[in-house]
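As the structure lists them, so they are numbered: ligands from 1, and atoms in each ligand from 1. All values derive from a computational prediction rather than experimental measurement.
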Amino acid sequence: MSIAENLHHIQSQIPENVSLVAVSKTRPVDELMQAYEAGQRVFGENKIQEMVTKWEHMPKDVQWHMIGHVQTNKVKYMAGFVALIHAVDSLKLLQEINKQAEKNQRTISCLLQIKIAKEDSKYGLNENEALDLLQHPLLNTLKNVRIVGLMGMATFTKNERQLDEEFGRLQKFYNNYKTLFNFDILSMGMSGDYPIALKHESNMIRVGSAIFGQRKYD
Ligand SMILES: *Cc1c(COP(=O)(O)O)cnc(C)c1O
């Protein structure tokens with residue numbers, strides 16, 4: 001199936017309130033343009049330099065989401081245009097995003113990454129660490145960042161019970177605190193597990209290989 005057909009197929013399966021982030025990491029600009037021409041406007045990348053290069057080459061109405069782990073010293077390269085940063089996990093990173101957003105006279109929306117997978121390799125905060133960060137006294141002084149929700153990556157597995165458990169835990173945490181902290185985005189679900197994430201009220205899915213095909217490398 002073509003990129004356009006894949007996109008239409010996924011769009012037809014997801015509720016209207018759910019946003020689809022087309023994860024285009026490692027894919028060339030001509031493939032992103034095929035998705036763009038099929039109507040896709042939100043793209044996700046996991047490396048800042050690659051996102052900057054694609055931003056330079058793509059139409060300016062694309063919304064760029066940084067979905068990968070962010071190094072503090074690289075925030076400046078994307079601060080002028082990034083629409084949402086999914087994987088924030090420290091006050092230090094929020095302070096740097098705030099500083100660079102201010103320089104660009106912008107407010108940058110961010111999600112806190114919550115660790116839900118059993119695998120050690122995944123980044124993210126546990127629930128108590130997230131609550132500490134959300135209630136940190138310095139957060140109010142960061143006028144140019146806004147924490148608009150939470151993001152999680154489940155274990156890479158086909159075990160539906162485990163996926164249910166991992167997404168279910170983040171769903172519960174999100175619902176418990178969404179009013180208090182004004183959350184409106186719950187980013188969870190990838191090519192292999194988005195139907196399960198949707199059962200758990202995800203309203204933003206990040207899908208790569210189901211749109212563009214299998215990647216050769218990450
Ligand atoms: C690569 C990646 C995705 C998309 O993965 P697919 O399995 O290709 O859909 C989603 N989220 C993050 C954080 C990623 O790094």
Students often mix this up, so state it plainly: with edges at 30° and 60°, are the rings of [X] and [Y] parallel, tilted or perpendicular?
X	Y	value
His65	His86	tilted
Trp64	Phe43	tilted
Phe167	His200	tilted

| task | Would you check whether Asn46 has a nitrogen or oxygen atom less than 3.5 angstrom from a nitrogen or oxygen atom of ligand 1? | result | no
| field | Separation between CD of Glu37 and CG of Asp30, rounded to the nearest 0.5 Å | value | 10.0 Å
| Does the side chain of Glu165 come within less than 4.5 Å of Lys118's, by heavy atoms? | yes
| query | If you measure from each heavy atom of Arg215 to ligand 1, is any distance below 4.0 Å? | reply | yes
For ligand 1, which atoms sit closer than 4.0 Å to a heavy atom of [X]?
X	result
Gly208	4 (C), 6 (P), 8 (O), 9 (O)
Ile67	2 (C), 11 (N), 12 (C), 13 (C), 14 (C), 15 (O)
Val207	9 (O)
Arg206	4 (C), 9 (O), 10 (C), 11 (N), 12 (C), 13 (C)

| task | Go through the steps for Asp89 and Lys115 under the test salt bridge (charged side-chain N to carboxylate O under 4.0 Å, His left out), then give the verdict. | result | CA-CA 10 Å; Asp89 61 0; Lys115 193 185 179 99; over 6 Å; no
| task | Just let me know how Met153 lines up against ligand 1, side chain, backbone, both or neither, with a heavy-atom cut-off below 4.0 Å. | result | side chain
